[in-house]
Amino acid sequence: MNDIRNIVVLTGAGISAESGIDTFRDAGGLWEQHRVEDVATPEGFARDPELVQRFYDARREAVRTVTPNPAHEALARLDAGWEGHLLIVTQNVDDLHERAGAKRVLHMHGELLSALCAKCQARHAWSEPLIDRPACPGCGEQALRPDVVWFGEMPYEMDRIYAELRRADLFVSIGTSGAVYPAAGFVRDARELGARTLELNLERSEGSYWFHESRQGRAGELVPRWVDEILSIEG
Ligand code: BJW
């Protein structure tokens, strides 16, 4: 463990579950409440934009009412204390990593508090509803959509993520089912490139086989314990 300098952490919906945000694939999760084809694909948006805007407007509103939990706080502590390279790649569209104080965060599936203009492609910080089709502050067109990555779209900053995976000594996956690519493939990529791999999740994920070590439990308990371990090797 003493030769670890460069860390990539991948987080998923499970890290925000204890803050009160629904996951996607657990019992009672978002995909039991909504058809994924309707609300998380460009085709669904083209068919029924109002349904999709309502879905994301409600989630944007709900995210205001929740707060970071001990797992987000522990990763922020890691970010502040770790002198080597660190990148927290999150699949989550909430802003709980940032609100806990983490700085080295990349939102590969976009952000609820951002709007993307389908006309000029500009991204704008956004906290209001989109259902009433406000004008894009850049080009003036009423073409704003949620700034999230739907199935069939390219996740953000893949080149930067793969560059960090190439130099990672340690890859840690937290609270993700491993059902959605390319994120689900990061463990295999990181391992084949020489990183040690660790999973912290309520249950074994779909790609659990690829991890050197898999710990099961709640993120709010596992993550602070792991951060204590990793920071103790630096100090
Ligand atoms: C706890 C806990 C607690 C609970 N403590 N743990 C290869 C093979 C097959 C298909 C494909 C492939 N490559 C691409 C595809 C197609 C597709 C895909 O993956 N399809 C699958 C269905 C197979 N992927 C795409 O289309 C992606 N784009 C793409 O691939 O572009 C081309 C490309 C090619 C090559 C390189 C790069 C790019 C885009 C995917 C976009 C996903 N979008 C969504 C919606 C985002 C906006 C929104 O939030 O609404 O992203 S879908 C949804 O799933 C969301 C999540 O980020 C994502 C992952 O979910 P996550 O986070 O894992 O949540 P859950 O609910 O699944 O799991 C939660 C876990 O937490 C569970 O395990 C629980 O046990 C655990 N848990 N409580 C710890 N307290």
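Predicted model, so just to flag it, every value in this text is computed and none were measured. Remember, it's 1-based here, ligands and their atoms both numbered in the order they're listed.
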Polar proximity ligand 1 side, [X] side, N/O cut 3.5 Å exclusive:
X: A179; value: no
X: G178; value: no
X: L202; value: yes
X: Y162; value: no
X: M158; value: no

Could you tell me, atom by atom, which parts of ligand 1 come under 4.0 Å of a heavy atom of [X]?
X: T23; value: 66 (O)
X: G12; value: 62 (O)
X: G175; value: 6 (N), 69 (C), 70 (C), 71 (O)
X: W150; value: 39 (C), 41 (C)
X: G217; value: 5 (N), 79 (C)
X: E18; value: 3 (C), 5 (N), 80 (N)
X: A219; value: 3 (C), 5 (N), 79 (C)
X: R218; value: 5 (N)

Nearest non-hydrogen contact with [atom] belongs to which option: [options]?
atom: atom 49 (O) of ligand 1; options: H109, R59, R25; value: R59
atom: atom 7 (C) of ligand 1; options: Y181, W31, Y56, F55; value: Y181
atom: atom 45 (C) of ligand 1; options: N69, V149, V223; value: V149
atom: atom 31 (O) of ligand 1; options: Q216, H34, E153, E203; value: E153

Taking ring pair (Phe, Tyr, Trp, His ring centres under 6.0 Å) as the test, write out the residues that go with H34, two or more places apart.
-> F55
Below a 4.0 angstrom heavy-atom separation, can you tell me which part of [X], side chain or backbone, both or neither, approaches ligand 1?
X: V180; answer: both
X: A17; answer: side chain
X: T176; answer: both
X: P155; answer: side chain

How far is [atom] from its nearest protein heavy atom, and which residue and atom name does that atom have?
atom: atom 26 (O) of ligand 1; value: G152 N, 2.7 Å
atom: atom 73 (O) of ligand 1; value: N201 ND2, 2.9 Å
atom: atom 20 (N) of ligand 1; value: F151 CE2, 3.8 Å
atom: atom 38 (C) of ligand 1; value: M154 SD, 3.1 Å
atom: atom 4 (C) of ligand 1; value: D26 OD2, 3.4 Å
atom: atom 77 (N) of ligand 1; value: G14 CA, 3.6 Å
atom: atom 64 (O) of ligand 1; value: A13 CB, 3.5 Å
atom: atom 59 (C) of ligand 1; value: Q91 OE1, 3.4 Å

Does a side-chain N-to-carboxylate-O contact under 4.0 Å join D79 and R104?
->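 Result for this pair is yes, salt bridge flagged.
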Checking the side chain of [X] only, and the main-chain atoms of [Y] only, is there a donor and an acceptor separated by less than 3.5 Å?
X: E18; Y: G220; result: yes
X: N201; Y: G175; result: yes
X: D94; Y: V63; result: no
X: D38; Y: G44; result: no
X: R64; Y: S127; result: yes
X: Q142; Y: R133; result: yes
X: N69; Y: I15; result: yes
X: D147; Y: L113; result: no
X: S19; Y: T67; result: yes
X: D57; Y: I131; result: yes

In terms of ring plane angle, is the pair F211 and F171 parallel, tilted or perpendicular, where the classes change at 30° and 60°?
-> parallel
Strictly under 4.0 Å, does any heavy atom of P182 approach an atom of ligand 1?
->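 The answer is yes, since P182 has a heavy atom less than 4.0 Å from ligand 1.
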Flag atom 10 (C) of ligand 1 as yes if some protein heavy-atom distance to it falls below 4.0 Å, otherwise no.
->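 So far as the 4.0 Å threshold goes, atom 10 (C) of ligand 1 is out of reach of every protein heavy atom.
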Going by atom types only, do Q216 and S214 share a side-chain donor-acceptor pair under 3.5 Å?
-> yes
Side-chain donor-acceptor pair present, T197, H212, cut-off under 3.5 Å |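 Side-chain D/A pair, T197 to H212: present.
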